[in-house]
Amino acid sequence: MRLKTRAKQFFLQVVLMVIGAFVILPIWGVLRLAFDGSLFGRATSFRLLPQTWSISSFLRVLDSPYQSVVFSQLLLNSILVSGAAAFLAIIFGMMLAYAMARFRFPGKKLGMTVVLLTAILPPIAFVIPLYVLMNALHLRTSLLALVLVYAVFGLPFCIWNLRAGFMTVSIEIEEASFLDGASPWTTFMKISLPLASPSIFVAGMISFLLAYSEFAIGWLFVEKASNVTLAMAVYAMVQSGNAQPWSMLGSFIILISIPAVVLFLLFQALIVKRMMFGYLD
Amino acid sequence: MRKFNRIIRIILIFLIICLSGFVRWKAVATLSIDYDEDDYLRAAQQFATLIKNKEFSGFLETNYRPEHPQLTKILLGLSLLPEKAYPLVKDSPTTAGPNIYLPRPLVKNARIMNAVFGVASTIGISILNPVAGLLQAIHSFNVKYTSEIMLESIPAFTSFLVVFFYLLWRRETGTRHRRNLWIVLSAVFLGLTAASKYMYCIVGIAVFLDWVMRLRSERKQSQTGFVLLIWVGGAILVFILCFPYLWKDTLPRLLDSVFYHVRYSTGAAEVQSANYPVWQPLNWLFFSPSIWQPESFLFSLDPLITLLAIFGIVRLWKKYRVFALWLILGLCFLFFWPTKWPQYTIMLTAPLCLAAAEGLDMLVGIPLRSIIFRRKLVNSENTPTEKNEFRKAVPWLIPGLFFFTLLTLIPLIYQFEASLTDFNSNSLREAMQGGIFRTVFNGISGKEGVNFQEFPYTSMQLNFLGFSNYLPLLQYLEQLGIISYNLLWTFFSVLLQTILGVSAALLLWQKRTWFRSFWQVLFILPWAIPEMIGALMWRNVFLPETGWLALGVAKYGSSFPFSFLADWQNSPEKTFIILLIAGLWYGFPFIMLAASAGLRFIPSEVMDSASIDGAGGWQRLRYVILPLLAPLVLPAMILRAIFSFNQFYLFQAFYQFSGTLATLSYNFFNPTGYFTRGQFSIAAALNMITLVILLVFVLFFIRLENDVTRGSHAVKN
């Protein structure tokens, strides 16, 4: 009997290792490039480990990864743009979501369907009109345009998610608050908002990361090198073709993923729960 | 009342038959001569001569184009009898182009013969489901190949009858005599199908499978098993009887005829030069021959029919499993079959149209009926206690709605209007001054006529084009098979992600798994990495010349693992596999997390009582775990399906610029891009097409959501 469970455990671990290898493979590939100090252009021979260990490429990335712009400027742009976009998406999304979760009014069902539809459209579907609109407002090449565009990408998801979040707050608590004489605004601020804060946090985080990691569409709204975000700088490096400094690209990719990975690993259970559109409640 | 319904139904079927006949008559009269028509006409002429001279022994030796059996050719020969004899059409190699000098009266007769069988199929399908009959009547590929001198029409009809009589046999509750009659008829038609064209025998396998699946749940197993044997034997007997060429040297001739296909598919020059990808049959199903010859077809709704069939296949499985099996088996067969001519898809028209009819009923019929009969759909969300709270909602709605309308809704409307013009990067200046709204308004109100422009659009002025962007664009998508590729990509991504995700969750859920939390964190990693970073990582593995795989193959040769994928950029299938691997990596953790969350809800008592009841590992998985997981994994799968359908960064990173609709749209739009630059109106039209497809997704999603939540309530109660 014991032998059997041992054999089973062994088999189980082997299967898990195979899946683990699959997961690790591309990450390893990038790590190997990032830590190789001997690489100047592309990798020329097959290696599992770097030829000479070095962190010089990380230092170079932290110095100036894109043209003459310093890393801190790119990081600042990224945080500013993503943070502002997430903030806008949350504020406006929250209001619509609360109305949709709490009240009955004509056209609600249609509204929900439209929101769901916009939530599942690819971001590219909003770019053309925004491109024209931003041009017309003479905002196209400003950071504000990027903020608005990314906020639009995040908004439908925020509405749909926050609605599910507000629906988990039981209506009895709100009614009790009304009976005690609180105004709708107070009730919202003191009762519903705190109770729904996990969903708000997740929706904000997803919107933030959406903007943080977007790299192709952003280029349409940027002209000055000083307005580029981190993700866009990565894409610029990729676009430079075979001349690209591969180990710099590798270390850049690692640096840019660290915040996202940390956030996701810390809040994984919460995120899954919220991403499921309220199915787990 | 019932009698009245019946009369209506008969009138309806009659109208459908008239339509089917009319559409095919038009095709018979106007279609230009196609490849292979000369070959089959020559074969028919030979039989016509034999019959006229009463040399029936000649049947034993005559079989021009021996890779196909005789029956269809003999029937086509019969159709030539009323005409005077023409000199035999000359023998030409399979690579030859269409022979346009065929004697017209003969062509007409043979085509009419086929069209009659095409209409007969319509009748059969209409009896089962009039809507499906209507769809078959107008299915343009079916119209084309059942109205030409091809071998498709007759086996398409007989193969449908195989299933039809099989179903009658299943339902018959009368005397044993009548039951036996139905099954004998089914066997006879299977034999006739085989004697008309081998490929159509897939239907026999579908019936066989359905039969075996039912056999397990039946009581009198030995008896039905015996009937099954008789059915197979009878079919073989009829096949031999209707294929006199086989009466002498049976086995060598049969083998020669069958193995011809293997040689043909791997050796023939035209097959090689066509070089279709594995999934080409699916592209054909999303294609319409009206692109080749628009004047011969009244309808070209094939892509729509296929799309509806995708949504209806589950219902078809529940209603007539055998047809669903036929569709799935047939499609799999065509995927594996190396030759991919468009006419082979006729094999699937009957089940395809039945599935599409189910899809149509689900997406349009049921909501429509519920409106007409005022049956309110159950909606658990709306509590009936309070009514209209519009006033309370207004302060919350105004700011949100303002932002949402300005930056989300208006863009969508704007997009639609832009797709009606020739908006491009040169006319950007005019568009910025409100030109789109002005142009579309002028166009709709008739102030400005439709002003056609050459593609690619370069005009500095905006011009109103009406809907004329859409048709060429849809044809472009059909010709490149982009929609079918996009759907195929979505299907396989979600399938693989679900399999790996659920298996990983189950492995981690086992009692006493070592290092459980380590594995869990490791497996979540790809999900935490932003999509574009993941795409770049995989690009680093697979990039030609500089990627890990390419370097490994350069160093160690073909013994390197997965070396067969190294030349992926030359083969659409390998590119597909590469992208699937990257997509799997990115997508499986989400399904795994959803499944893990679901597994935590399964009480251990349930598992214990299942094992006490004697359920084995597989049975516990199939009947206990998976049904309990479904309410959580299904929505996760739908989310992944939407992501996959819209996948953009992955395709962009691998330079697959026309991989998905979203990628194509971006690259048509991109003012500094690779394609014809800044074709804004084309990109807008593409987005509208995506919108329509996703709208169908949403309708489906909402229906499924209702079903699943109802299901989970049932579990809770």
Side-chain angles (χ1 to χ4, degrees), chain A residues 9 12-13 15-16 19-20 22-23 25-27 29-30 33 42-43 45-46 92-93 95-96 98-99 103-106 113 116-118 120-122 124-130 132 135-136 148 152 155-156 184 209 213 215-216 231 238 253 256-257 260-261 264-265 268 272 276-277 279-280, chain B residues 382 386 388-390 392-393 396-397 399-400 403-404 407-408 411 414-415 418 431-432 504 507 510 513-514 519 521-526 528-530 532-533 536-538 540-541 546 548 551-552 555 593-594 597 632 635 642 646 648 652 662 665-666 669 680 683-684 687 690-691 694-695 698:
Chain A
Q9 182 69 248
L12 192 67
Q13 292 296 326
V15 176
L16 288 172
I19 304 178
F22 170 61
V23 168
L25 178 81
I27 303 175
V30 167
L33 285 178
R42 66 195 193 104
S45 67
F46 177 79
F92 289 108
M95 302 225 158
L96 276 182
Y98 187 67
F103 308 115
R104 285 166 54 85
F105 49 86
T113 312
L116 184 60
L117 190 65
T118 51
I120 65 173
L121 274 176
I124 179 69
F126 297 101
V127 170
I128 302 167
L130 290 176
V132 176
N135 258 319
L148 286 175
V152 170
L155 184 64
L209 289 178
S213 64
F215 70 102
V238 172
I253 284 179
I256 197 175
S257 349
V261 171
F264 265 76
L265 292 187
Q268 42 152 310
V272 174
M276 300 292 290
F277 287 167
Y279 276 100
L280 285 171
Chain B
N382 297 349
E386 290 166 81
N388 196 341
E389 297 169 317
F390 188 60
K392 280 192 196 168
W396 298 104
L397 283 173
F403 194 76
F404 186 72
L407 291 173
T408 310
Y414 189 85
Q415 191 123 241
M432 270 155 54
L507 288 176
Q510 298 296 315
T513 303
W514 294 343
W519 291 122
V521 170
L522 184 70
F523 292 171
I524 293 171
L525 218 52
I529 292 172
M532 71 97 166
I533 299 285
L536 291 179
M537 285 175 169
W538 279 105
N540 178 43
V541 175
T546 51
W548 240 8
L551 290 174
K555 194 166 173 185
L593 284 169
L632 281 172
I642 292 165
N646 293 334
F648 164 62
Q652 188 73 12
S665 170
Y666 174 83
F669 167 72
F680 297 160
N687 290 335
T690 312
L691 183 84
L694 286 177
L695 188 68
V698 171

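These figures come from a predicted structure and were not determined experimentally. Below, chains carry the letters A, B, ... as their sequence lines are ordered, and counting in each starts from 1. Heavy-atom basis, side chains included; hydrogens, waters and symmetry copies ignored.
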Which atom of A:Pro129 lies closest to which atom of B:Tyr414, heavy atoms considered: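 Between these two residues, the closest heavy atoms are CB-CD2, 3.6 Å.
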
Provide the closest heavy-atom pair for A:Ser213 versus B:Met532 in the form atom of the first, atom of the second, distance.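 That closest heavy-atom pairing would be O-CG, 3.4 Å.
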
Using a 4.5 angstrom heavy-atom cutoff, name the option from [options] with the most pairs to chain B.
options	result
A:Val15, A:Ile27, A:Leu33	A:Ile27
A:Val30, A:Ile256, A:Val132, A:Leu130	A:Val132
A:Ser257, A:Ala136, A:Ala125	A:Ala125

Flag side-chain contact, heavy atom, 4.5 Å: A:Leu209 against B:Pro530: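 No, their side chains stay 4.5 Å or more apart.
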
Do B:Leu397 and A:Met95 make a side-chain contact, defined as non-hydrogen atoms from C-beta onward lying under 4.5 Å apart?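 SC-SC contact between B:Leu397 and A:Met95 ruled out.
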
Partners passing ring pair (Phe, Tyr, Trp, His ring centres under 6.0 Å) against B:Phe404 (at least two apart in sequence or in another chain):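 Ring pair (Phe, Tyr, Trp, His ring centres under 6.0 Å) list for B:Phe404, sorted by chain: empty.
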
How long is the span from the [atom1] atom in [X] to the [atom2] atom in [Y], to the nearest 0.5 Å?
X	Y	atom1	atom2	answer
B:Gln415	A:Ile128	CD	CD1	4.5 Å
A:Gln9	B:Trp514	CD	CH2	5.0 Å
A:Phe22	B:Phe523	CZ	CZ	11.0 Å
A:Ile253	B:Ile533	CD1	CD1	5.0 Å
B:Leu525	A:Phe264	CG	CZ	11.5 Å
B:Asn646	A:Ile124	CG	CD1	11.0 Å

Taking every non-hydrogen pair under 4.5 Å, which of [options] racks up the most with chain A?
options	result
B:Val541, B:Leu507, B:Val521	B:Leu507
B:Ala662, B:Ser665, B:Ala504, B:Ala418	B:Ala662
B:Trp538, B:Tyr666, B:Trp548	B:Trp548

Sort A:Tyr98 into side chain, backbone, both or neither according to what part of it lies under 4.5 angstrom from a heavy atom of chain B.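 Only the side chain of A:Tyr98 comes within 4.5 Å of chain B.
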
Contacting moiety of A:Leu12, where chain B heavy atoms sit under 4.5 Å: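 For A:Leu12, side-chain heavy atoms alone lie under 4.5 Å from chain B.
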
Please name all residues satisfying side chain to side chain contact (heavy atoms under 4.5 Å, CB included) with B:Ile524, sequence neighbours left out, ordered by chain then number.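 By the side chain to side chain contact (heavy atoms under 4.5 Å, CB included) rule, B:Ile524 matches A:Leu265, A:Gln268, B:Gln520, B:Trp527, B:Met592, B:Leu593.
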
